[in-house]
Amino acid sequence: MDTPSPQQREPRLVDAFVDMADTLVADFDTAELLHRLTEYCVELLGVAEAGMLLADQRGSLQVLASSDERTELLELFQLQVNEGPCVDCFRTGRSVAVEDLAATRGRWPTFTPEALRVGYISVHTVPLRLRDQIIGALNLFGTAPGTLSEADKHVARALAETATIGILSERAIRHGEVLTEQLQTALNSRVIIEQAKGVLAHAGGVPIDATFAVLRDYGRARQTRLTDIARQVVTGVLDPATVLDAVAQPRA
């Protein structure tokens, strides 16, 4: 996995954590926060794509964020067959690293062929941990054989810990609020966003990969939470054409 040089990465790494810290100070949108974290992982760690899975109230993993649609579909497949690096990471609470999936097909006989089919050759997975509780996992995929350096592993763990704090928030922990309610809120936000992406793609012929950016940019321009914009689109309060015209994304 190719990573940026230290000179290239250091200012962007600072930007990433300042961005995350600034988001956590006020009322933040969990779904947007975690999507940005997957994008930071791709940029800062030299991986091809990243995905984040979170446990729901029943303790079952759900896809919460991904850097692209291909990754999201693979993560959903992983959960469907109940097999893969994220599943193992969540169960054990330990990081999982595979340098070459093609050389270890027997480890995940159903997941691995599908990962190879869509172009992923290596994977590194980090748990989302709060003290002794595991609430999910962060998947990092590569399109060539390789593994993360020790420095990259440290950055990946730091990003995963930031994600965990973002989901649960220190205030919720300090006041003893039920963690499962916090997790379910994040998952519900993801569902609304996925529905809104579908509405925009259908209404305007926008490539599904571009719809998240359309929602995010529209909300940022109006200082409105991403989830609130998505809900307005899904419920019909906000005309999809208004969003599309304002952001002016390329049509398919």
Side-chain angles (χ1 to χ4, degrees), residues 29-42 45 47-98 101 104 107-118 120 122-142 156-157 159-169 172-173 177-195 197 212 227:
D29 191 320
T30 304
E32 182 174 4
L33 167 71
L34 298 184
H35 186 90
R36 282 154 61 188
L37 272 171
T38 63
E39 293 178 333
Y40 279 129
C41 286
V42 172
L45 299 173
V47 298
E49 302 296 346
M52 193 167 293
L53 283 75
L54 190 69
D56 62 15
Q57 290 178 325
R58 301 182 303 277
S60 301
L61 286 172
Q62 306 289 338
V63 178
L64 185 63
S66 59
S67 56
D68 77 342
E69 295 296 321
R70 174 179 58 162
T71 306
E72 180 174 344
L73 292 175
L74 182 60
E75 298 284 36
L76 290 170
F77 179 80
Q78 179 178 188
L79 298 182
Q80 182 179 16
V81 300
N82 195 31
E83 173 192 293
C86 201
V87 175
D88 286 1
C89 179
F90 179 67
R91 287 173 176 168
T92 65
R94 295 191 295 270
S95 296
V96 175
V98 177
L101 286 168
T104 56
R107 184 169 184 176
W108 303 302
T110 305
F111 168 82
T112 297
E114 182 63 16
L116 293 171
R117 186 189 69 81
V118 299
Y120 295 137
S122 54
V123 62
H124 188 96
T125 305
V126 182
L128 302 183
R129 182 192 299 274
L130 172 67
R131 302 185 181 94
D132 295 329
Q133 183 174 8
I134 309 302
I135 64 170
L138 170 65
N139 260 340
L140 307 170
F141 294 101
R157 287 193 296 269
L159 290 170
E161 290 172 3
T162 301
T164 305
I165 294 171
I167 297 165
L168 302 177
S169 83
I173 298 166
E177 296 179 14
V178 180
L179 297 184
T180 52
E181 292 182 2
Q182 298 291 103
L183 303 180
Q184 194 61 47
T185 297
L187 292 168
N188 290 343
S189 296
R190 179 66 179 175
V191 171
I192 290 293
I193 291 168
E194 288 300 313
Q195 291 174 342
K197 286 166 60 180
F212 185 93
T227 304

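Predicted model, so just to flag it, every value in this text is computed and none were measured.
Note that CG of Leu73 is 9.0 Å distant from CD of Glu114, once rounded to the nearest 0.5 Å. Separating the CG atom in Asn82 from the CG atom in Leu61 is a distance of 8.5 Å, to the nearest 0.5 Å. Atom OG1 of Thr227 and atom CD1 of Ile193 lie 4.0 Å apart (nearest 0.5 Å). From Ile134, atom CD1 reaches atom CZ of Arg91 across 14.0 Å, with rounding to the nearest 0.5 Å. Separation of atoms OG1 (Thr125) and CG (Leu140) is listed at 7.0 Å; rounding is to 0.5 Å. Atom NZ in Lys197 sits 13.5 Å away from atom CD1 in Ile192 (nearest 0.5 Å).
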Could you go step by step and tell me if Glu75 and Thr71 meet the side chain to side chain contact (heavy atoms under 4.5 Å, CB included) rule? CA-CA 6 Å; Glu75 298 284 36; Thr71 306; 4.2 Å; yes
Evaluate salt bridge (Lys or Arg N to Asp or Glu O under 4.0 Å) for Arg190 paired with Glu194, printing each intermediate quantity in order. CA-CA 6 Å; Arg190 179 66 179 175; Glu194 288 300 313; 2.9 Å; yes
With side chain to side chain contact (heavy atoms under 4.5 Å, CB included) as the criterion, how do Leu128 and Met52 come out once you've worked through the C-alpha distance, each side chain's angles and the decisive distance to 0.1 Å? CA-CA 9 Å; Leu128 302 183; Met52 193 167 293; 3.9 Å; yes
For Val96 and Arg107, what are the C-alpha separation, side-chain angles and deciding distance, and is it a side chain to side chain contact (heavy atoms under 4.5 Å, CB included)? CA-CA 12 Å; Val96 175; Arg107 184 169 184 176; 3.6 Å; yes
Evaluate the criterion salt bridge (Lys or Arg N to Asp or Glu O under 4.0 Å) for residue pair Glu39 and Arg36; output intermediate values, then yes/no. CA-CA 5 Å; Glu39 293 178 333; Arg36 282 154 61 188; over 6 Å; no
The test is side chain to side chain contact (heavy atoms under 4.5 Å, CB included); show your working for Leu79 and Val63 and say whether it passes. CA-CA 9 Å; Leu79 298 182; Val63 178; 4.0 Å; yes
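Considering all non-hydrogen atoms of both residues, Trp108 and Asp88 come closest at NE1-OD2, 2.9 Å. The two residues Thr38 and Ala50 come nearest to each other via the heavy atoms O-CB, 3.7 Å. When all heavy atoms of Val126 and Ala156 are compared, the closest pair comes out as CG2-CB, 4.0 Å. Between Pro127 and Gly93 the shortest heavy-atom distance is CG-O, 3.6 Å.
Considering only heavy atoms from C-beta on, Leu138 comes within 4.5 Å of Cys41 through its side chain. You'll find the side chain of Val87 stays beyond 4.5 Å of the side chain of Phe111, heavy atoms only. Put simply, the side chain of Arg70 does not reach to within 4.5 Å of the side chain of Leu74, judged on heavy atoms. For the pair Gln80 and Leu76, the minimum side-chain heavy-atom distance is 4.5 Å or more. Here the side chains of Leu101 and Val123 are in contact, with some heavy-atom distance below 4.5 Å. Within the 4.5 Å cutoff, side-chain heavy atoms of Pro85 are placed close to those of Gln78.
For Ser60 (side chain) and Asp56 (main-chain N/O), no donor-acceptor pair under 3.5 Å exists by modelled atom type. The main-chain N or O of Ser67 is never found under 3.5 Å from a side-chain atom of His35 such that the two would form a donor-acceptor pair.
The aromatic rings of Phe141 and Tyr120 sit parallel to each other, their planes meeting at less than 30°, with 60° as the upper class boundary.
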